[in-house]
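Here is the structure we will look at.
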Amino acid sequence: MNLSCKSSHQALVVLSLLQFMSAAGAGGLWTILQSSIGISAMHMQLLHNDRIIIFDRTDFGLSNLSLPAGRCRDDPLDQALKHDCSAHSVEYDVLSNCYRPLTILTDTWCSSGAVAADGRLIQTGGFNDGERVVRIFQPCSNADCDWVENPSTLAVRRWYATNQILPDGRAIIVGGRRQPNYEFYPKDTAAGAFSFPFLVETRDPEENNLYPFVFLNVDGNLFIFANNRAILFDYTTSSVVRTYPTIPGGDPRNYPSTGSSVLLPVSSPATEAEVLVCGGAPKGSYNLATNGTFVRALSTCARMKITDPSPAWEMETMPMARVMGDMILLPTGTDVLIVNGATAGTAGWELGREPVLNPVVYRPGGPPGDRFAVQNPSSIPRLYHSTAVLLRDGRVVVGGSNPHVYYNFSGVQFPTELSLEAFSPDYLGPEFSDLRPQIEAPAVFPMELSYGNCFTLTFTAGALRNVTVTMIAPAFATHSFSMNQRLLILAIGEPASAGVSRYEVKAEAPAAPVIAPPGYYMLFVVNEGVPSEGAWVHIQ
Ligand SMILES: *[C@@H]1O[C@H](CO)[C@@H](O)[C@H](O)[C@H]1NC(C)=O
Ligand SMILES: *[C@@H]1O[C@H](CO)[C@@H](O)[C@H](O)[C@H]1NC(C)=O
Ligand SMILES: *[C@@H]1O[C@H](CO)[C@@H](O)[C@H](O)[C@H]1NC(C)=O
Ligand SMILES: *[C@@H]1O[C@H](CO)[C@@H](O)[C@H](O)[C@H]1NC(C)=O
């Protein structure tokens, strides 16, 4: 077993709690979890054992962590090192703040992934010898599990593609560099890739349609945004169901322009859905940046009700411009955190400038013109190849940033970041401890849910106010987009007293797999905007 724990962990926690006291209620708190996990967090996925699977790429050169069991990787095709005994993937255990190296032998650079209904991480593609590989990580409770790599499994190479879990539990893998097509994993027929002209139509000279924003709409179709426009797509018949208006201003929002996007929280009964797209870089930014001119990023967000009979984008202006931001749905069901990124330039090697250190919280239900709240800054720039994921305890883990072709720790403007940091939103502050619900029953998790069935939650809270129950699918984060991120606000009954400071609430599980594809979710009880610690649930 090869576990790395920070010896000063205890001291760090005490320190951060003290900081918390003074900073609480005033724009969140930043804490360093690990000053180095040995690799740079280019891709992250939280699994239902509260461990995050993290990886970068095998052609970065030597990482700061050795492969397990003295293994080495010999790859005559590798562009950096043909013989490399360093690791490029780790498992980070949130509860113990420890990490261990994992074994990836083929290149995962700019790849994609999704968690299957049974909780396995299915990672797809990458570069070079990794471009058609499907890698499976089956989580375990000890340190015995590792990646299993399946070569030549994808129909075509997938580099900068997007994955989405479908109601039947398969993943659809959409696009990738020079791949105007999609495929499914696992494959149901001998069919390989299906042609997808939308990715030809939206391709421009800068290829600003990579890592398309893909969401499962509540009607079962896929909402797919690429470059500056979107369609609703029926993947079962390979047909475009509707074409949405072009985003006002016409600037591209996908890689390398790299804005971000979320499907806003979906309320039961799930008949409506809204998409929010924020930031990015104006058209032409990539070419200009390669010539040394770093254009100011976009400061606009565009929001559209995608289920509306006559949908239109509504534009809003963020407090600051941002390219390469990550958008994270917070468990309150009312807030979106926008974190990481830069004010100028674009995604790509050495092309970002002026890091944005302050996250912003967006409240979709707030009064128009007053929906953004600037949060406290981190001290660490997180540019190209940085990531962010929500934890079950309500914090957001932030990691990565490597705008260089190799690991470069000195002599460069934005050194390669190996650190992991956590952002604690205001709701975690001690002044809310009286409101904070604690789920008591059922006491054994993950709890199994069935579509449309009611279940009862028992929780404690000092003062009962306004209760909601939310359910969040943990996302696969890379390149400023969180694939499969999905937040459902469940239908609930009136909370009833169940003893002193103890309550019961009846909730209804999502009605169908089109609303919540099968798999693991984090369930939260929210009391007046203060979420409980989440509980893992499984629905199938
Ligand atoms: C990476 O490892 C090298 C050599 O062991 C060390 O000098 C350096 O401080 C490490 N860098 C980081 C960022 O951890
Ligand atoms: C960048 O510079 C090259 C070479 O000087 C030039 O051909 C190209 O037009 C420039 N691109 C932009 C967008 O200015
Ligand atoms: C970055 O790292 C690579 C590989 O170690 C090295 O060849 C290159 O010179 C470094 N770049 C800078 C700017 O230090
Ligand atoms: C209850 O809280 C939810 C969000 O948590 C909010 O949308 C709703 O307006 C609140 N209701 C009342 C009566 O305060």
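We count ligands from 1, going down the list as the structure has it; atoms in each ligand are counted the same way.
Set against the non-hydrogen atoms of Tyr406, the atoms of ligand 3 under 4.0 Å away are 2 (O), 3 (C), 4 (C).
The protein non-hydrogen atom at the shortest distance from atom 13 (C) of ligand 3 is Val412 CG1, 3.5 Å. Given atom 8 (C) of ligand 3, the protein heavy atom at minimum distance is Asn408 ND2, 3.7 Å.
Between Arg382 and Ser419, the side chains place a donor N or O and an acceptor N or O closer than 3.5 Å (distance only, hydrogens not considered). Judged by distance alone, the side chains of Asp56 and His88 do bring a donor and an acceptor atom under 3.5 Å apart.
The protein reaches atom 11 (N) of ligand 3 closely, with a heavy atom under 4.0 angstrom from it. Atom 2 (O) of ligand 3 lies below 4.0 Å from at least one non-hydrogen atom of the protein.
Taking the six-membered ring for Trp and the full ring otherwise, the centers of His479 and Tyr384 sit less than 6.0 Å from each other. In summary, the aromatic rings of Trp109 and Phe60 are positioned with their centroids too far apart to meet the 6.0 Å limit.
Identified under the salt bridge (charged side-chain N to carboxylate O under 4.0 Å, His left out) test for residues 393-402, with sequence neighbours left out: Asp393-Arg395.
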